[in-house]
Amino acid sequence: MNNFIFQNPTKLIFGEGQIARLSKELPKDKRILVTFGGGSVKHNGVYDQVVAALSGFDFLEFWGIEPNPKVETLRKAVEVCKRENIGFLLAVGGGSVLDGTKLIAAAAVIEEDAWDLVLHPELLRGNIPFASVMTLPATGSEMNRGCVISNLATGEKYAFYNTYPTFSILDPTTTFSLPTFQRACGLADTFVHVIEQYLTTTGISPLMDRWAEGIFQTIVEIAPKVLSEENDYNTMADFMLSATMGLNGFVGMGVPQDWSTHRIGHEITALCGTTHGQTLVIVLPGVMNELREQKASKIVQMGERVWGITDGTIDERIDRTIAATEEFFRSLGLATRLSELGIGEDVVEAIVARFRERGTLLGEQLNIDYKLVDAILRQRM
Ligand code: NZQ
Ligand code: ZN
């Protein structure tokens, strides 16, 4: 196991009715900017609960942080923070609202442009403290330092690492209004977050392996009920907590990580606007297949423990594990081929050119170069 330092300071406030706790958790002596997306919170009662809890607080609202948050929008919020002397930020919505708020929080305390911060993280000089009410289980953003920011003008999308939310409120009933497609993408995103931290090699940490497999098994078990929209409270609670546990550092302690599926997926979103979780399930089977020798022992372990594949040659077991994983994604109602979304060769070439020009190397062994990205994507046409 590799050396590591683990410290996750986010206070997790979980359960039905917990949005009311905002009145206890938010600072009374600071002006608060509450950030929102496009309005889902107005239809599902979340906005009303937040405003009720903020009674007596000094707060402003910022609306319009879009899915795959754009720096062009976030700059406007940075201006508001500077002009209005904002001392605390509260993100209310999905991962995009919180991700955008993480960048706002850091860009509001420096002179440089918010995009410069994304490109040059060494400009980070602290933050306006921030917290969240998370309404979409997927990103784990509620309990991690990451945010992923898009630039409309340049068509780029990059991860940026800031600090953790002070607290995050997760009320599973807020997920009851999620459309089926967002549920599917959230399940897929959670599954792939765990796989990025798992699918490297065996024999490093049985503990991390079992935790990761526990999340895979939970997601597979609850998926039909999550998608059915019957909104069983405990099912949606497990979905929410799985998403948080999938990317808050707990399953990644001391183990190598891959993240190539995400890096390639971000480029598909940057060029085509495709929803994040949807991009991942297209790319992942290609990564598994191209890296099948390097990752053989772990693919076989996953096949056995998650999909019950216990016989056949190593090659057969790998093939069946990849097929079972893709079949699971299809059972969520997601496309697993680029062509199904009308994405063609021109996009593949553009993505490969980007990796070539940047000289990026991906994967736990940093051996996925642009040629391998090309091979991965061509398999997924
Ligand atoms: O904007 P509103 O109107 O609120 O609607 C949103 C949005 O249209 C809607 N929604 C959210 N909660 C809802 C709801 N609709 C009904 N009921 C609810 N309870 O869902 C749509 C998608 O929301 P979005 O926030 O974009 O989804 P998600 O949470 O999946 O976030 C995706 C973004 O997170 C990044 C992705 O790249 C993408 O930009 N990621 C962030 C990570 C992180 N911070 O660690 C890691 C991930 O790998 C991921 O890359
Ligand atoms: Zn993700």
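Values reported hereafter were calculated over all heavy atoms of this structure, with side chains retained and with hydrogens, waters and symmetry mates removed. Both ligands and their constituent atoms are indexed starting at 1 by order of listing.
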### Query
Is ligand 1 under 4.0 Å from a heavy atom in the side chain of His266, in the backbone, in both, or in neither?
side chain
### Message
Under a 3.5 Å threshold, yes or no: a donor from one side chain and an acceptor from the other, between Asp258 and Ser260?
### Response
yes
### Summary
Among non-hydrogen protein atoms, atom 1 (O) of ligand 1 lies closest to Gly38 N, 2.8 Å
### Task
Classify the contact between Asn44 and ligand 1 as side chain, backbone, both or neither, using a heavy-atom distance cut-off of under 4.0 Å.
side chain
### Task
Take every heavy atom of Met134, measure it against each atom of ligand 1, and state whether any distance is under 4.0 Å.
no
### Task
Under 4.0 Å from a heavy atom of Gly95: give me the atoms of ligand 1 that qualify, with their elements.
25 (O), 28 (P), 29 (O), 31 (O)
### Query
Does a donor on one side chain sit under 3.5 Å from an acceptor on the other, for Gln379 and Glu290?
yes
### Task
Mind telling me whether Phe216 and Tyr198 have parallel, tilted or perpendicular rings, with 30° and 60° as the class edges?
perpendicular
### Query
Can you tell me the protein heavy atom closest to atom 42 (C) of ligand 1 and the distance?
Thr139 CB, 3.7 Å
### Query
Where is the nearest protein heavy atom to atom 30 (O) of ligand 1: which residue, which atom, and how far?
Ala138 CB, 3.8 Å
### Message
Would Lys157 count as being in polar contact with ligand 1, using the rule that some N or O on each side must be under 3.5 angstrom apart?
### Response
yes
### Message
Under a 3.5 Å threshold, yes or no: a donor from one side chain and an acceptor from the other, between Glu61 and Trp63?
### Response
yes
### Task
Please state which part of Thr135 comes within less than 4.0 Å of ligand 1, counting heavy atoms only: side chain, backbone, both or neither.
both
### Query
For the hydrophobic clusters of this structure (ILVMFWY residues joined by side-chain heavy atoms under 4.5 Å, transitively), does one cluster hold both Leu291 and Val194?
no
### Message
Can you confirm whether the side chains of Trp115 and Thr154 place a donor and an acceptor under 3.5 Å from each other?
### Response
no
### Message
Suppose we measure from atom 16 (C) of ligand 1 to each protein heavy atom; which comes out shortest, and what is that distance?
### Response
Ser177 O, 3.4 Å
### Message
Which of the numbered atoms in ligand 1 are under 4.0 angstrom from any heavy atom belonging to Asp189?
### Response
47 (C), 48 (O)
### Message
Contact between ligand 1 and Gly140 is defined here as a heavy atom of the residue under 4.0 Å from a ligand atom; is it met?
### Response
no
### Any N/O pair Pro69/ligand 1 closer than 3.5 Å
no
### Task
Report yes or no: is the cationic atom of Lys42 (NZ for Lys, CZ for Arg) under 6.0 Å from the centre of the six-membered ring of Tyr47, at an angle within 45° of the ring normal?
yes
#### Entry: Pair Asn231, Lys225: side-chain N/O donor-acceptor within cut-off below 3.5 Å
no
### Task
Tell me which one of Leu136, Val192, Ile149, Leu280 gets a heavy atom nearest to atom 23 (O) of ligand 1.
Leu136
### Query
Between the side chains of Asp189 and His276, does any donor sit under 3.5 Å from an acceptor?
yes
### Message
Distance under 4.0 Å to a non-hydrogen atom of His193: what atoms of ligand 1 satisfy this?
### Response
46 (C), 47 (C), 48 (O)
### Query
Between Phe191 and Phe329, does the ring centroid distance fall short of 6.0 Å?
yes
### Message
Assess, by modelled atom type and distance only, whether the side chains of Ser150 and Asn68 contain a donor and an acceptor separated by less than 3.5 Å.
### Response
no
### Summary
Among non-hydrogen protein atoms, atom 15 (N) of ligand 1 lies closest to Ser40 CB, 3.5 Å
### Message
Show the atoms of ligand 1 that are less than 4.0 angstrom away from any heavy atom in Leu247.
### Response
45 (O), 46 (C)
### Min N/O separation Ile65 to ligand 1 under 3.5 Å
no
### Message
Just to confirm my output: which protein heavy-atom neighbour is closest to atom 44 (N) of ligand 1, and how far is it?
### Response
Asp99 OD1, 2.8 Å
### Query
Counting each atom of ligand 1 from 1 as listed, which ones have a heavy atom of Pro67 under 4.0 Å away?
7 (C), 8 (O), 26 (O)
## Note on the structure
ligand 1 atoms nearer than 4.0 angstrom to some heavy atom of Asn68 are 38 (C), 39 (O)
#### Entry: Gap between atom NZ of Lys11 and atom OG1 of Thr166 - 0.5 Å precision
10.5 Å
### Heavy-atom gap His43 to ligand 1 smaller than 4.0 Å
no
### Query
Can you give the angle His276 NE2 - the Zn ion (ligand 2) - Asp189 OD1, rounded to 10°?
90°
### Task
Return yes if a side-chain donor-acceptor contact under 3.5 Å exists between Ser168 and Thr10, otherwise no.
no
### Message
With respect to Asn144, determine whether any N or O atom, backbone or side chain, lies less than 3.5 Å from an N or O atom of ligand 1.
### Response
yes
### Query
Linking I/L/V/M/F/W/Y whenever their side-chain heavy atoms sit closer than 4.5 Å, directly or via other members, would Leu33 and Leu22 fall into one cluster?
no
### Query
Do you see a donor-acceptor pair shorter than 3.5 Å between the side chains of Thr279 and Thr274?
no
### Message
With heavy-atom distances below 4.0 Å as the criterion, list the atoms of ligand 1 near Ser141.
### Response
44 (N)
### Query
In the protein, which heavy atom is nearest to atom 25 (O) of ligand 1, and how far is it?
Ser96 N, 2.8 Å
### Query
What is the nearest protein non-hydrogen atom to atom 13 (C) of ligand 1, stated with its residue, atom name and distance?
Leu178 CD2, 3.4 Å
#### Entry: Atoms of ligand 1, numbered as shown, that sit under 4.0 Å from any heavy atom of Gly37
1 (O)
### Query
Cut-off 3.5 Å, side chains only: do Glu16 and Thr173 have a donor facing an acceptor?
no
